[in-house]
Amino acid sequence: MRIKVDNFNLEATLESGQVFGFRRNGEDGFFGVIGKTPVNLCQRGSALVISSPPDGGREISDIIRYFDLDRDLTPVYKILQEDPRLAKCYDVFKGLRLIRQDPWEALACFILSSNNNVKRIQGIWRNLSKNLGERVTDGDFSFPQARQIAGVHERTLRELGLGYRAPFLLHTACFVAANPSYLEAVHEAPYEGAKSRVLAFPGIGEKVADCVLLYGFQKYEAFPVDVWILRAMRKLYFRSRKVSEGKIHAFAQKRWGAHAGYVQQYLFHGARTGIISAQGEEK
DNA sequence: CCCCAGGTTCTGG
DNA sequence: CCAGAACATGGG
């Protein structure tokens, strides 16, 4: 199947650290599992080519929704272009979009992300999927539901590489499995209320909560401040002073409002790939 | 043996 | 409210 896409950058979208279940497949392709459907993706200019192995395929509307392709990025582009500190990110990553992830997967994965690196998070994603998920192709699995994780012992999660995060994920999985409507309530609630509900889980603080709200619940006011964003923001907007994460979060929300989350994604990818030099902060 | 990785929690001031 | 340390694990 083939979808005409406008203002879309598949590579930047999948490699900007918002989702952990995709891997490169060939020169310009990617393989991943959306829900329980395995998909091969590759972009040829304005064409997004999608193939699902035995053609148990996804509807086009599902793909459009997943990659947020029905969003008008004009207001985001306007912000990026009009700020010289962000223009480079626009030039290089134009078409980067925020994925609408499964809420549970986003919640679980970003519990695993704390004090961790992307490569290892991807490895844990694979371990969890292979051991607790469902087989969707010969060697590929879907990310396990809360129920599946809730059914194992903490020691099992440690063996899969979760380290000290094992009890955090286990507790959260048990709660979600026992309270299926909780995540729906997060969806319904506005940003602040949703955030307090997400913060209630163990192992989730300000930063992870914002990631979960942004990637799993489409709360676009969310502005996760991690080490990369902290360095970049200090450098670009605070002359490398020791401004706190909280101050930066408030600054971003006031400056970019409902588009803060999108701006953050461009900034994060720019900082991590070295497009914008995030160096130069003196501790 | 050090530091770092999309931090959070706990502790003592 | 703020600064420091501990926390598993793997890589540089």
Side-chain angles (χ1 to χ4, degrees), chain A residues 12-22 89 93 96-99 101 105-128 131 152-173 175 195-217 219-220 222-236 241-250 252 260-276 278-283:
Chain A
T13 298
L14 290 180
E15 297 200 322
S16 55
Q18 45 176 326
V19 64
F20 303 102
F22 282 84
C89 291
F93 304 129
L96 166 55
R97 287 173 186 268
L98 288 175
I99 291 174
Q101 286 183 54
E105 182 173 338
L107 178 62
C109 286
F110 280 90
I111 285 176
L112 306 179
S113 75
S114 73
N115 198 29
N116 210 343
N117 62 68
V118 173
K119 257 292 176 270
R120 228 172 70 80
I121 299 167
Q122 291 172 331
I124 295 172
W125 189 100
R126 183 155 293 281
N127 290 344
L128 285 172
N131 288 275
V152 306
H153 196 279
E154 176 184 322
R155 129 180 100 256
T156 303
L157 297 181
R158 287 185 181 272
E159 287 167 359
L160 296 179
L162 301 218
Y164 68 89
R165 309 169 194 83
F168 295 158
L169 182 63
L170 181 57
H171 180 281
T172 302
F175 183 88
K195 188 165 186 174
S196 65
R197 286 174 176 270
V198 173
L199 281 171
F201 291 110
I204 296 188
E206 289 286 330
K207 186 270 172 184
V208 167
D210 271 333
C211 284
V212 173
L213 292 177
L214 186 57
Y215 305 132
F217 295 91
K219 307 296 184 190
Y220 295 108
F223 189 87
V225 180
D226 75 319
V227 290
W228 293 97
I229 291 292
L230 184 65
R231 287 195 285 251
M233 290 294 289
R234 281 177 173 173
K235 170 79 173 178
L236 296 176
R241 272 176 295 177
K242 298 183 183 178
V243 190
S244 70
E245 291 90 338
K247 289 286 188 185
I248 288 175
H249 184 273
Y262 254 95
V263 173
Q264 182 272 163
Q265 199 61 27
Y266 277 81
L267 247 186
F268 174 77
H269 198 39
R272 220 166 73 91
T273 58
I275 288 304
I276 57 145
Q279 311 303 329
E281 70 155 346
E282 58 265 21
K283 281 190 173 179

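Convention: sequence-line order gives letters A, B, ...; per-chain numbering from 1.
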A:Ser114 side chain near A:Lys207 side chain, heavy-atom distance below 4.5 Å:
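They are not in contact (no side-chain heavy atoms under 4.5 Å apart), so the answer is no.
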
How long is the line joining [atom1] of [X] and [atom2] of [N], in whole Å?
{"X": "A:Ile121", "N": "B:dC4", "atom1": "CD1", "atom2": "C1'", "result": "13 Å"}
{"X": "A:Trp125", "N": "B:dA5", "atom1": "CH2", "atom2": "C1'", "result": "21 Å"}
{"X": "A:Glu245", "N": "B:dG6", "atom1": "CD", "atom2": "C1'", "result": "12 Å"}
{"X": "A:Leu98", "N": "B:dG6", "atom1": "CG", "atom2": "C1'", "result": "14 Å"}
{"X": "A:Leu169", "N": "B:dT8", "atom1": "CG", "atom2": "P", "result": "15 Å"}
{"X": "A:Met233", "N": "B:dG6", "atom1": "CE", "atom2": "P", "result": "19 Å"}
{"X": "A:Gln122", "N": "B:dG6", "atom1": "CD", "atom2": "C1'", "result": "12 Å"}
{"X": "A:Ile229", "N": "B:dA5", "atom1": "CD1", "atom2": "C1'", "result": "15 Å"}

Set of side chain to side chain donor-acceptor pair (under 3.5 Å) partners for A:Glu105, sequence neighbours left out
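Expected list: A:Trp125.
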
For A:Arg120, which residues count as a side chain to side chain donor-acceptor pair (under 3.5 Å) partner, sequence neighbours excluded?
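By the side chain to side chain donor-acceptor pair (under 3.5 Å) rule, A:Arg120 matches A:Asn116.
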
What contact category does [X] fall into here, base, sugar-phosphate, or nothing, at under 4.0 angstrom with non-hydrogen atoms?
{"X": "A:Gly17", "result": "base"}
{"X": "A:Tyr215", "result": "base"}
{"X": "A:Glu206", "result": "sugar-phosphate"}

What residues form a side chain to side chain contact (heavy atoms under 4.5 Å, CB included) with [X], not counting sequence neighbours?
{"X": "A:Thr156", "answer": "A:Val152, A:His153"}
{"X": "A:Val118", "answer": "A:Phe20, A:Gln122, A:Arg272"}
{"X": "A:Glu206", "answer": "A:Lys195, A:Leu199"}
{"X": "A:Ala260", "answer": "A:Phe223, A:Trp256"}

Look at the side chain of A:Arg97 and the backbone N and O of A:Thr13, then say whether any donor-acceptor pair between them is shorter than 3.5 Å.
no

Please encode protein proximity along nucleotides 5-12 of chain C as a string of B, S and -, counting only heavy-atom distances under 4.0 Å.
--BBBB--

Separation of the [atom1] atoms in [N] and [M], to the nearest angstrom:
{"N": "B:dG6", "M": "C:dC2", "atom1": "C1'", "result": "23 Å"}
{"N": "C:dG11", "M": "B:dT8", "atom1": "P", "result": "24 Å"}
{"N": "B:dT11", "M": "C:dA8", "atom1": "P", "result": "14 Å"}

How does DNA chain B look in dot-bracket form if you count Watson-Crick and G-U pairs under 3.5 Å, write [ ] for pairs that cross, and put | where a base pairs with another strand?
.||||.|||||||

Donor-acceptor pairs under 3.5 angstrom involving side-chain atoms of residues 261-270 of chain A: please list them, not counting sequence neighbours.
| from | atom 1 | to | atom 2 | distance (Å) |
| --- | --- | --- | --- | --- |
| A:Tyr262 | OH | A:Asp68 | OD2 | 2.6 |
| A:Tyr262 | OH | A:Leu98 | N | 3.0 |
| A:Gln265 | OE1 | A:Tyr215 | OH | 2.5 |
| A:Gln265 | NE2 | A:Ser16 | O | 2.8 |
| A:Gln265 | NE2 | A:Ser16 | OG | 3.1 |
| A:Tyr266 | OH | A:Gly95 | N | 3.4 |
| A:Tyr266 | OH | A:Leu96 | N | 3.2 |
| A:Tyr266 | OH | A:Leu96 | O | 2.8 |

Please report the interatomic distance CD1(A:Ile111) to CD1(A:Ile124), rounded to the nearest 0.5 Å.
12.0 Å

With sequence neighbours excluded, what pairs up with A:Phe175 under the ring-ring contact (aromatic ring centres under 6.0 Å, His included) test?
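Result, ring-ring contact (aromatic ring centres under 6.0 Å, His included) vs A:Phe175: A:Tyr182, A:Phe201.
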
With the stacking rule set at 5.5 Å and 30°, tell me whether A:Phe110 counts as stacking on B:dG6.
no

Strictly under 3.5 Å: I want the nitrogen or oxygen pairs between protein and nucleotides 1-3 of chain B, one per line.
none

Selection residues 155-172 of chain A - residue pairs positive for salt bridge (charged side-chain N to carboxylate O under 4.0 Å, His left out), sequence neighbours left out
A:Glu154-A:Arg158

Hey, which of these two, A:Gln265 or A:Phe168, hits DNA chain B nearer its 5' end, going by closest nucleotide?
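Comparing both residues, the 5'-ward one is A:Gln265.
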
